[in-house]
Amino acid sequence: MKRISNEINQLLQRGVDAHISLGVTGLSRAGKTAFITSVTNQLLYSSTHKAMPLLTAQSQGRLLGARQVTQSNILTPTFGYNAAIESLSLEPPIWPKPTTDVGAIKLALRYTPKKRTKKLMGSTATLYVDIVDYPGEWLLDLPLLELSFEQWSDSQYQRLDDTKQALANDWIHEVANLDPDLPCDDQVFNETANTFRDYLHQCKDHGYHYVQPGRFVLPGEYAGAPILDFFPLPKSAFSNKTVKKSARYVLEQRFEEYKKEIVKPFFKHYFAQFNRQIVLVDLLGSLNQGKHAFVDMQFALEQIIKSFKFGKHSLINRLFSPKTDKLLFATTKIDHVTPEQQKNVDKLLQTLIAPVWQYASFEHVELKTMSVSSIQATEYGLVTDSNGKSPALRGRDMAYNAVTVYPGEVPDNLPHADYWAKAGFEFSPFAPKQYSKLEPLGHIRIDAALEYLLGDKLW
Ligand SMILES: Nc1nc2c(ncn2[C@@H]2O[C@H](COP(=O)(O)OP(=O)(O)O)[C@@H](O)[C@H]2O)c(=O)[nH]1
Ligand SMILES: [Mg+2]
């Protein structure tokens with residue numbers, strides 16, 4: 001009785017309506033825009049369509065509907081839901097334009113509560129959900145907070161594999177021509193900074209994801225600002241004491257400013273504020289790009305997982321106190337594989353995540369993995385060939401030609417050398433289906449993702 005009266009007291013104070021903040025992240029092209037577009041779309045159609053049977057509030061007929069309202073943080077650009085829907089409705093349809101900055105959308109979900117305490121307060125309740133899209137690349141900046149400029153410089157040289165070495169030639173050469181102990185001409189300094197940023201962009205183009213500092217490739221509001229003008233120095237540059245006004249001095253200052261003005265505020269104003277987070281992973285895309293991209297994605301994912309390490313002694317917990325209590329890692333674009341392969345995809349993601357998850361200490365954070373398709377672009381069917389009936393996918397390629405394909409097998413564990421040698425899986429992009437606005441977008445397990453992320457708040 002006492003517990004109930006406490007709950008009623010709380011409800012009386014803040015009303016039966018509740019608020020939750022959901023962070024959506026993933027490396028570029030992982031499918032964040034598609035995910036938020038689909039989630040918004042499914043929820044906006046929830047009053048007229050029952051396309052989310054795995055969302056309990058809907059299957060029980062308690063989800064009454066949703067509408068878009070002004071987001072809580074009015075300084076954040078609004079996520080372009082309408083623009084995304086317009087581009088999917090074009091003839092022929094095109095995938096929504098990629099975004100490179102943070103974006104937010106807020107939805108008000110109206111539902112019939114089942115919880116006794118909430119029911120006492122009224123026949124309907126509202127859950128406000130702020131959904132925030134932010135680049136996973138920004139999470140890769142967290143380790144910088146624990147590094148000095150010298151240590152960071154060293155790490156940049158250490159991580160040069162053969163492919164990167166070839167891409168890095170220009171900046172290594174330009175940096176070698178610069179005396180770190182003397183003041184540097186502005187123009188030379190800026191050109192070198194430019195060359196270094198170009199190198200990071202090229203790494204991205206070659207399928208590398210672990211690119212630091214993250215804002216150098218996805219600058220958002222800082223595009224063109226001098227705070228992004230710095231570059232690493234070789235070990236030899238650190239043999240003397242720093243001379244005031246020298247190139248090394250300026251670089252050290254910039255590096256510290258970057259941590260203070262960009263990295264910390266992002267973790268404070270965004271990351272630490274989310275109640276729930278989803279990390280989208282384009283596992284199939286990385287498998288397709290080959291071993292170097294896959295290994296690098298695995299490394300980037302490990303770094304991202306570490307930023308969720310909310311144990312008492314974690315860096316992030318010492319600086320801010322994050323609110324996240326549930327975390328979902330989801331493989332996206334699962335409509336790219338035939339259904340019998342989906343369990344392999346799930347196992348592969350678990351294989352990548354479980355070891356890092358176990359060794360880190362995560363207090364009070366619940367974790368789940370799954371695979372989804374936000375905007376389903378293919379249909380599954382069987383084709384008859386010399387082997388009898390085989391699974392296949394039907395869709396349109398990016399030139400809008402109808403295609404029927406069997407993309408191949410996905411390994412259920414970390415791929416071995418022979419897998420890379422025979423390239424067992426062919427992932428070629430599909431055009432989106434024509435969208436009519438008469439019904440919600442086709443999806444796979446977006447309802448299951450929502451059930452995990454929000455379902456408990458709709459009781
Ligand atoms: N077939 C399919 N392709 C998808 C799906 N989601 C995303 N994509 C593809 O992945 C690309 C990148 O997705 P996007 O949401 O823009 O990624 P973001 O950079 O993380 O926001 C899109 O342009 C689509 O080509 C999906 O559910 N199915
Ligand atoms: Mg995007």
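In each ligand, atom 1 is the first atom listed, and ligand 1 is the first ligand listed.
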Which pairs of nitrogen or oxygen atoms, taken one from ligand 1 and one from the protein, are under 3.5 angstrom apart?
| unit_1 | atom_1 | unit_2 | atom_2 | d |
| --- | --- | --- | --- | --- |
| ligand 1 | 1 (N) | D335 | OD1 | 3.3 |
| ligand 1 | 1 (N) | D335 | OD2 | 2.9 |
| ligand 1 | 1 (N) | H336 | NE2 | 3.2 |
| ligand 1 | 10 (O) | K333 | NZ | 2.9 |
| ligand 1 | 15 (O) | K32 | N | 3.4 |
| ligand 1 | 15 (O) | T33 | N | 3.1 |
| ligand 1 | 15 (O) | A34 | N | 2.8 |
| ligand 1 | 17 (O) | G31 | N | 3.1 |
| ligand 1 | 19 (O) | R29 | N | 2.8 |
| ligand 1 | 20 (O) | A30 | N | 3.3 |
| ligand 1 | 20 (O) | G31 | N | 2.9 |
| ligand 1 | 20 (O) | K32 | N | 2.8 |
| ligand 1 | 20 (O) | K32 | NZ | 2.8 |
| ligand 1 | 21 (O) | K32 | N | 3.4 |
| ligand 1 | 21 (O) | T33 | N | 2.9 |
| ligand 1 | 21 (O) | T33 | OG1 | 2.9 |
| ligand 1 | 25 (O) | W95 | NE1 | 3.4 |
| ligand 1 | 27 (O) | S373 | OG | 3.0 |
| ligand 1 | 27 (O) | S374 | N | 3.0 |
| ligand 1 | 27 (O) | I375 | N | 3.1 |
| ligand 1 | 27 (O) | I375 | O | 3.3 |
| ligand 1 | 28 (N) | D335 | OD1 | 2.9 |
| ligand 1 | 28 (N) | D335 | OD2 | 3.2 |
| ligand 1 | 28 (N) | I375 | O | 3.2 |

Margin query: Whether the Q68 and T40 side chains hold a donor-acceptor pair (N or O, under 3.5 Å, no angle test) is what I'd like checked.
Written below: no
Notebook entry, point to check: Taking the Mg ion (ligand 2) as the center, what protein N, O or S atoms are found at less than 2.8 Å?
Noted result: T33 OG1, T99 OG1
Next item on the list: Answer yes or no: is there a side-chain heavy-atom contact under 4.5 Å between Y81 and T37?
Entry: yes
Notebook entry, point to check: What about Y222 and F216, are their ring centers closer than 6.0 Å?
Noted result: no
Item checked: Listed partners of T351 passing side-chain contact (heavy atoms from CB on, under 4.5 Å), at least two apart -> N413, L414
Note to self: Checking side-chain polar atoms at under 3.5 Å, does S371 have a donor or acceptor matched by the opposite partner on Q342?
What the structure shows: no
Checklist line | Side chains of D385 and Y406, donor plus acceptor under 3.5 Å | finding: no
Next item on the list: Anything under 30° is parallel, anything over 60° is perpendicular, the rest tilted; go ahead and classify F430 against H336.
Entry: tilted
Notebook entry, point to check: Mind checking whether L319 and F267 have side chains closer than 4.5 Å, heavy atoms only?
Noted result: no
Checklist line | Set of ring-ring contact (aromatic ring centres under 6.0 Å, His included) partners for Y400, sequence neighbours left out | finding: none
